[in-house]
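Structure first, then comments.
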Amino acid sequence: MVVGVVLGIPAYTYFTHPTVLKTGYSPVQPVPYSHKLHAGDLGLDCLYCHNTVTKAAYAAVQPTETCMNCHGQVKTKSPVLEKVRESYATGEPIQWVQIHRLADYVYFNHSAHVTAGVSCVSCHGRVDQMAVVKQVEPLNMAWCLECHRNPAPNIRPAAYVTKLDWKPEDGRDPAEIGREIIAAKRINPPVNCSGCHR
């Protein structure tokens with residue numbers, strides 16, 4: 001019983017910490033980056049910076065060189081971008097603070113979800129409207145299982161996964177289109193333990 005308490009309290013503290021589960025978590029980043037400006041107003045596609053989500057388990061955070069593709073010519077003297085210029089000059093990466101984090105014992109593959117047609121918006125919300133990104137979903141097991149048991153509302157044509165404001169042009173219910181895609185691709189999300197706990 002003593003061992004259970006000694007191990008249980010730290011485990012509970014860790015797994016209920018805002019960086020693991022809490023919606024609304026919005027840490028201060030080393031460089032203020034507005035997704036509203038970049039993804040919303042300027043229309044940068046999510047894949048421009050997070051270019052691994054269609055082919056890897058993780059969503060890469062862009063290297064400084066990606067930032068400098070634009071900021072080598074745009075706002076070149078802005079004090080807000082000093083750390084970006086310094087990172088580019090030294091080759092030291094910017095230490096971005098991770099916002100969306102699953103517990104270490106959970107297996108999650110971005111590419112499996114994105115290529116199936118699960119949009120960024122399903123898990124991350126309308127980041128194109130966020131000047132400061134925050135976690136909008138709990139990312140807990142119940143929330144994941146809810147989607148795995150009824151994925152149709154979150155499935156769309158793969159070409160539109162990064163179009164966060166997507167609505168079917170023909171006015172149909174998105175879940176109806178999701179069901180058609182599920183049938184065509186034979187999508188069958190796991191609901192057993194080994195699907196996510198490997």
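- Follow the hydrophobic side-chain contacts under 4.5 Å out from V114 and you never reach Y160; the two are in separate clusters.
- Electrostatic pairing of R85 and E82 counts as a salt bridge here, judged by a charged N lying under 4.0 Å from a carboxylate O.
- Here CG of L145 is found 9.5 Å from CG of N192. Values are rounded to the nearest 0.5 Å.
- Nearest approach of N154 to S122, heavy atoms of both residues: OD1-OG, 3.1 Å.
- Looking at heavy atoms from C-beta onward, D165 lies in side-chain contact with R126 at the 4.5 angstrom threshold.
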| Test log, rule side chain to side chain contact (heavy atoms under 4.5 Å, CB included), inputs H110 and T52 | CA-CA 8 Å; H110 267 91; T52 61; over 6 Å; no

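- Around OH of Y107, the count of heavy atoms belonging to other residues, nucleotides or ligands within 6.0 Å exceeds 12.
- Checked by atom type and distance alone, the side chain of S26 pairs as donor or acceptor with a backbone atom of V133 at under 3.5 Å.
- Contact annotation: the side chain of H197 approaches that of M141 to within less than 4.5 Å [non-hydrogen atoms, C-beta and beyond].
- Grouping the Ile, Leu, Val, Met, Phe, Trp and Tyr side chains by contacts below 4.5 angstrom, directly or via other members, places V97 apart from V132.
- At a threshold of 4.5 Å between non-hydrogen side-chain atoms, the residues V118 and P151 do not count as touching.
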| said: Please determine whether side chain to side chain contact (heavy atoms under 4.5 Å, CB included) holds for the pair T64 and I94, giving the CA-CA distance in whole Å, both sets of side-chain angles, and the decisive distance to 0.1 Å. | reply: CA-CA 7 Å; T64 305; I94 296 169; 4.0 Å; yes

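- Across all their heavy atoms, K185 and A158 have their closest contact at NZ-CB, 4.2 Å.
- Under the 3.5 Å distance criterion, the side-chain polar atoms of S111 are left unmatched by any main-chain donor or acceptor of V53.
- Between Y33 and V31 there is no side-chain heavy-atom pair separated by less than 4.5 Å.
- Between the OG1 atom of T54 and the NE2 atom of H113 there is a distance of 14.5 Å, given to the nearest 0.5 Å.
- No continuous path of hydrophobic side-chain contacts links V80 to V74 [ILVMFWY only; heavy atoms under 4.5 Å].
- Between F108 and C196 there is no side-chain heavy-atom pair separated by less than 4.5 Å.
- Here the closest heavy-atom approach between residue T162 and residue C120 is recorded as CG2-SG, 4.0 Å.
- A donor-acceptor contact shorter than 3.5 Å links the side chain of S119 to the backbone of V161.
- Residue K75 places its NZ atom among 12 or fewer non-hydrogen atoms of other residues, nucleotides or ligands, all under 6.0 Å distant.
- Between I177 and R172 the shortest side-chain heavy-atom distance falls below 4.5 Å.
- The heavy-atom pair separating H100 from Q135 by the smallest distance is NE2-CA, 3.8 Å.
- Ring orientation note: the planes of H50 and H35 are close to parallel, at an angle under 30° on the 30°/60° scale.
- The shortest side-chain heavy-atom distance between P27 and W96 does not fall under the 4.5 Å cut-off.
- For C67 against V84, the heavy-atom pair with the smallest separation is CB-CG1, 3.9 Å.
- Two different hydrophobic clusters hold V121 and W166 under the rule that ILVMFWY side chains link at heavy-atom gaps under 4.5 Å.
- Atom SG in C70 sits 11.0 Å away from atom CG in L81 (nearest 0.5 Å).
- In the hydrophobic clustering of this structure, V61 groups with Y88; members are Ile, Leu, Val, Met, Phe, Trp, Tyr whose side-chain heavy atoms approach within less than 4.5 Å, directly or through other members.
- The minimum heavy-atom distance linking A152 with R179 is given by the pair CB-CG, 3.5 Å.
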| task | Dump the intermediate steps for side chain to side chain contact (heavy atoms under 4.5 Å, CB included) on Q62 and N51, then the final yes or no. | result | CA-CA 8 Å; Q62 74 284 354; N51 59 6; over 6 Å; no

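- Side chains of H124 and I99 form no contact here, defined as non-hydrogen atoms less than 4.5 Å apart.
- With a 6.0 Å radius and a threshold of 12 heavy atoms from other residues, nucleotides or ligands, Y48 has its OH atom above the threshold.
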